Amino acid sequence: RPVLWTSSAILFAHESEPVIVGRAFPSSKQFLLQPSAVGNSPSGSYEPPSILSVSLDENWLFAYFPGRQVPGVGCFWRAHRSDNWDIVESISFARGRGVVSAMWLGHAREWVTDTGRNTSRLPPLGPAMLSSLPALVLITQNLQVQLCYVRSSAQESKVTTVSCSLSKHDEARDTGGATSNLDSPPGSESRSCTHAAIGLGYNETAILVATRSRAKVIPLESSYVPLGLDEAPDLSAHFHDVHFAESTDWESWAQEPNIELCEVRLGFDGFRTCKFSMVHVPPLNTNISLVLSTIPLPPLRCSAHPLSSLMFCPGDLQHLTTTESSSGSLMTKMYLCLSLIDFGKSDSTIPKSELVVFGFYKRERVPPHANISEWVRLLTFSETLAFILPRHRSSRANTVIAGSLSTQGPAISSKRNALAKVPSGSITVLQLPSLDAHSDWGSEPLIMGWSESSYGYPPLSVALSPNAVLLCAVSQSTLTASRLTVHSMPKKLQKDVSGRTTTEPHPISDYVSALVLAVRSKRTISDVAHQLSLSSVSVQQVESVLCEVLETLESHDDGLRDVWFHEFLGTLLEVYRLKGERMQKKFEKEDFRIRWKTIQDLCSVMACHSAFEDCMDGDSVGLDNIWPLVVLSTWFMEFLEELMRECILLGDSREGLREEVAGASLIFPSIHPILLNLLSLDALVKLRTTVRDVKQFYDQLKSLDPNGENGAISKNALLDTVDTSGINLETLDSLLTRISKRVEGFNAADVRRSIAACNPVPKVYPLLWEIAQTISKSNAVEKSRLFIKPLEFVSEIGKVRKTSETFDEGQDIVSKGILLRRRPTQGCVRCGGKTQQHEVGPRGDGSVPGSFSFQWQAWGRRWSTRCICGGRWVGLD
């Protein structure tokens, strides 16, 4: 029962039906995926999916559904939303030719941190692929490797496959047609692949494939050969070979002890990914776009015990193994980890596990096809090994994560039918190739639920969370139902003053590294936010973690501050929103709501500025973009009014107390977080540029002679909004420029702590009070118009507003327009904002009236997959 943990949900196979179950994390919302090729078949035709594989960008999903009495089906989905995948195509696999292993190619360069939290990117993993050509490698039961890639066009997406044999030198070329898996009967194969692993190395263009097979049972009718009496051969030699085989156990005789290896190479447009090849076939077609070739390698000899897991781990380029031989240096390209189970010779024997590691090296002075593979280390566990996973994401070292089950029975709770969460094993981080416990990492207990009516079953399959701080395990709770549990991952150990590692894990160090890598990689932080929102983590610890993340990002700035700062704002929003939802007291919930709402408004200001940038036609705004920009400008003026009101209230309320500002914590018990827009230099720059955008747009409309009623309405709407706001945009622009120079010279550490807390800290109160007084005494704000609106004097205005609320569903988080009823709406999983922007067509049939230009549509497509805060969209019923 495979399981995947994506950025938006946990995907796993249904217990008995051919269905993929998706469960959003950390919420409990579920959705189902079932292709029409499986759903339209008679009941019981297919088993639950045995293979699940998602591409690294999480845009593509592959699942294989084994057939019971029919051919199996492999299905391709493309992500439409976080909870919605569109089926693209299905391909059939004959019985005996099903999929054993799958892996998507085109891995992006991964971000890692060292002990000093310096971030860097690892080299490319695996062969270089075209970004416009998603490619999937499949290993089938008949020892074939298939390369499936998706050709997308404006009309449709088509899956094309190229297949080669793993047991012999082979080469295949893509001729534009689809390879059928049903061409010939599979009865001719003498072996069936039971386990397979696909290995990719850093800066390595070749792909390694490891397989373990077993002999097929030959039907009697297919082995009968009619012979005459005179032609009867002597079969004693054959019977002698069978009875005196190396192993007398029939299971060992059926399951081969060898691990077969094969090197797979591929190329595009006639250009191979490597200069060397043992097979050369003259090109038959000048339009060939893909070449796939296989080169079998010498097999690996291992134990004949049942194999429970087979996995490749890429070797780290910073860890070289040198040798004094004349062949030059050896570099570990990758490791192959095998988990074997020894059940013993009696039913009372406790199963034991063996973890075997093979290292793969490539010599520099010989052709690449002369790869050598040698056995490195074998480790025998006194406990049963439950699972192994690749190295920890935040660790540079060659590591593997191992989960073992204790052989001692747990102490069950005495309460009747009470579920007891009992440690039944441990999760540890092992070094490669020594297989010793890593000295920098602790261990975590492996928890299984036990009760009088339900026994604890070991994990059937596991998956790491996107940032490797949690582990999801699927176990069988009854004969038919399965249980989904989430476990904590091992944490880094603390170091004392002398630098020696202690036995106590560091409470927040792992979260800092995980968040830094997530921001750099633009990856979801839902798993880290879940951990920080727990009641066991205090608010002070959360603020400390986020402050260290910001400090780390600023100390290693690479000129892309605008990119990672926006991602960091989304991190702040998600953490504080989830933390506030789990608070018990009402005033605490309101405090966190104001915090994350401040960040959401800052993201909206950034999106508003980007809209003006994209819709500019020379030095002015294109006429087709007037209506949507009027709506955005109206929202921005309302936000600006709220900001100015808070400044005036702060500046005027403390008039004459300037000499007492030193006791800031006593004088200013609370300052609204919205003033962070005047404290953060990044936010201040975006605020000032957006003020200029709206002022320029205002001047353009003021001098414009409107054509028709629609143009007059849009012009008057913006002019009235700006003129009645009580804010002089031109004066405010110059005032914000002076404030920026004042903020630049302030203590960066205090500003950083305020941004990380989404709340000004007491040490910045004097600066904010000074800024507030400067704005309050300037000519940029007319206080009477700012605080008293003409609409408030109309007695029936309250009834009008209440009536209008029945016709809409709120405000669009992207366009700031009205959300219409009975229209498809999407919601952001991070900030909770809603949008109908995806419904806007070229005729303007969206939530904002008027016709739209291609510039506005291009800006809207920015947010087709992500919200302005960086969160993903989900469908709302």
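Note that this is a predicted model, so its numbers are computed, not measured.
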Contacts of Arg593 that satisfy salt bridge (Lys or Arg N to Asp or Glu O under 4.0 Å) - sequence neighbours left out: Glu590
Okay, side chain of Ser864, backbone of Gly860: is any donor-acceptor separation there less than 3.5 Å? no
Identify the heavy atoms of Ser633 and Phe612 that sit nearest to each other, and give their distance. OG-CZ, 3.3 Å
Does any part of the side chain of Thr774, heavy atoms only, come nearer than 4.5 Å to the side chain of Ile771, both counted from C-beta? no
So Ile727 and Val722, do their side chains get closer than 4.5 Å, heavy atoms only? no
Distance-only donor-acceptor pairs under 3.5 Å for side chains of residues 780-788, two or more places apart:
from	atom 1	to	atom 2	distance (Å)
Lys783	NZ	Asp652	OD2	3.1
Lys783	NZ	Ser776	OG	3.1
Arg785	NH1	Asp723	O	2.8

Side-chain donor-acceptor pair present, Gln826, Thr835, cut-off under 3.5 Å: no
Heavy-atom pair with the smallest gap, counting every atom of Gly833 and Trp873: O-CZ3, 3.9 Å
If the condition is ring pair (Phe, Tyr, Trp, His ring centres under 6.0 Å), which residues does Trp635 pass it with, not counting sequence neighbours? Phe639
Interatomic spacing from CG in Leu560 to NE2 in His566 - rounded to 0.5 Å: 15.0 Å
How far apart are the C-alpha atoms of Cys758 and Thr598, what are their side-chain angles, what is the distance that settles it, and do they pass the side-chain contact (heavy atoms from CB on, under 4.5 Å) test? CA-CA 8 Å; Cys758 293; Thr598 300; 6.0 Å; no
Does the side chain of Leu122 reach to within under 4.5 Å of the side chain of Arg109, using non-hydrogen atoms? no
Side chain of His672, backbone of Leu650: donor and acceptor closer than 3.5 Å? no
Inter- and intrachain pairs under salt bridge (Lys or Arg N to Asp or Glu O under 4.0 Å), touching residues 632-646, at least two apart: Glu641-Arg645, Glu641-Lys789
Nearest heavy-atom neighbours spanning Cys831 and Cys828: N-SG, 3.4 Å
With rounding to the nearest 0.5 Å, note down the distance linking CD1 in Ile755 to CG in Leu572. 8.5 Å
Measuring from atom CH2 of Trp863 to atom CD1 of Ile868, what distance do you get when rounded to the nearest 0.5 angstrom? 7.0 Å
Does a side-chain heavy-atom distance below 4.5 Å link Leu569 with Cys869? no
List the residues meeting side chain to side chain contact (heavy atoms under 4.5 Å, CB included) with Arg692, not counting sequence neighbours, and say none if there are none. Arg688, Asp733, Thr737
Between the main-chain N or O of Ala607 and the side-chain N or O of Ser610, is there a donor-acceptor pair closer than 3.5 Å? yes
Taken in chain and number order and not counting sequence neighbours, the residues that satisfy side chain to side chain contact (heavy atoms under 4.5 Å, CB included) with Thr865 are none
Should Asp750 and Arg753 count as an ion pair when the cut-off is N to O under 4.0 Å? yes
Can you tell which of Asp601, Ile674, Ile775 makes a side-chain contact (heavy atoms from CB on, under 4.5 Å) with Leu643? Ile674
Side chain Asn677, main chain Leu602, donor-acceptor under 3.5 Å: no
Verify the distance criterion only: is there a donor paired with an acceptor across the side chains of Thr634 and Lys816 at less than 3.5 Å? no
Answer yes or no: is there a donor N or O on one side and an acceptor on the other, between the side chain of Ser544 and the main chain of Gln540, under 3.5 Å? no
Sub-4.5 Å side-chain heavy-atom contact between Leu640 and Leu732: yes
Quick one: CG on Leu876 to CD on Gln836, what's the gap to the nearest 0.5 Å? 10.0 Å
Just by distance, do the side chain of Ser680 and the backbone of Leu676 share a donor-acceptor pair under 3.5 Å? no
Would a 4.5 Å heavy-atom cut-off, applied to side chains only, mark Met583 and Val539 as touching? yes
Glu581: what forms a salt bridge (Lys or Arg N to Asp or Glu O under 4.0 Å) with it, not counting sequence neighbours? Arg577
Should we count NZ of Lys589 as having more than 12 external heavy atoms under 6.0 Å? yes
Using a strict threshold of under 4.0 Å (side-chain N to carboxylate O), is an ion pair present between Glu567 and Lys522? no
Look only at the side chain of Ser465 and the backbone of Asp527, and say whether a donor-acceptor pair between them is shorter than 3.5 Å. no
Can you name the nearest heavy-atom pair linking Val575 to Ala529, along with the distance? CG2-CB, 4.2 Å
Side-chain donor/acceptor of Ser815 to backbone N/O of Asp812, under 3.5 Å: no
Using the test side chain to side chain contact (heavy atoms under 4.5 Å, CB included), find all partners of Asp614 that sit at least two apart in sequence or belong to another chain. Trp859, Arg862
Indicate yes or no: does Glu554 engage Arg752 in a salt bridge with an N to O separation below 4.0 Å. yes
Of the non-hydrogen atoms in Val764 and Val751, which two are nearest, and what is the gap between them? CG1-N, 4.3 Å
Does the side chain of Leu679 come within less than 4.5 Å of Leu684's, by heavy atoms? no
Evaluate the side-chain contact (heavy atoms from CB on, under 4.5 Å) criterion for residues Leu515 and Leu546: first the C-alpha distance (whole Å), next the side-chain angles of each, then the deciding distance (0.1 Å), finally the verdict. CA-CA 8 Å; Leu515 288 177; Leu546 296 173; 4.0 Å; yes
Among Gln696, Lys702, Lys695, whose side chain to side chain donor-acceptor pair (under 3.5 Å) with Asp699 holds? Lys695
Counterpart residues, salt bridge (Lys or Arg N to Asp or Glu O under 4.0 Å), relative to Glu58 (two or more places apart): Arg872
Grab the two heavy atoms, one from Ser533 and one from Arg582, that are nearest each other, plus how far apart they are. OG-NH1, 2.8 Å
Is there side-chain contact between Leu675 and Cys647, with at least one heavy-atom pair below 4.5 Å? yes
For Phe565, what residues pass the ring pair (Phe, Tyr, Trp, His ring centres under 6.0 Å) criterion, not counting sequence neighbours? none
Can Arg595 and Asp591 be counted as an ion pair, charged N to O under 4.0 angstrom? yes
Let me see the working for Ser120 and Val112 under side-chain contact (heavy atoms from CB on, under 4.5 Å), right down to the final yes or no. CA-CA 6 Å; Ser120 61; Val112 292; 3.9 Å; yes
With sequence neighbours left out, what residues match His530 under ring pair (Phe, Tyr, Trp, His ring centres under 6.0 Å)? Phe25
For Thr690 and Phe636, what are the C-alpha separation, side-chain angles and deciding distance, and is it a side-chain contact (heavy atoms from CB on, under 4.5 Å)? CA-CA 8 Å; Thr690 310; Phe636 178 73; 3.6 Å; yes
For the backbone of Arg523 and the side chain of Ser521, can you confirm whether one donor and one acceptor N or O come within less than 3.5 Å of each other? no
Can any side-chain N or O of Ser513 pair as donor or acceptor with the backbone N or O of Asp510 at less than 3.5 Å? no
Under the salt bridge (Lys or Arg N to Asp or Glu O under 4.0 Å) test, residues paired with Lys579 that sit two or more places apart: none
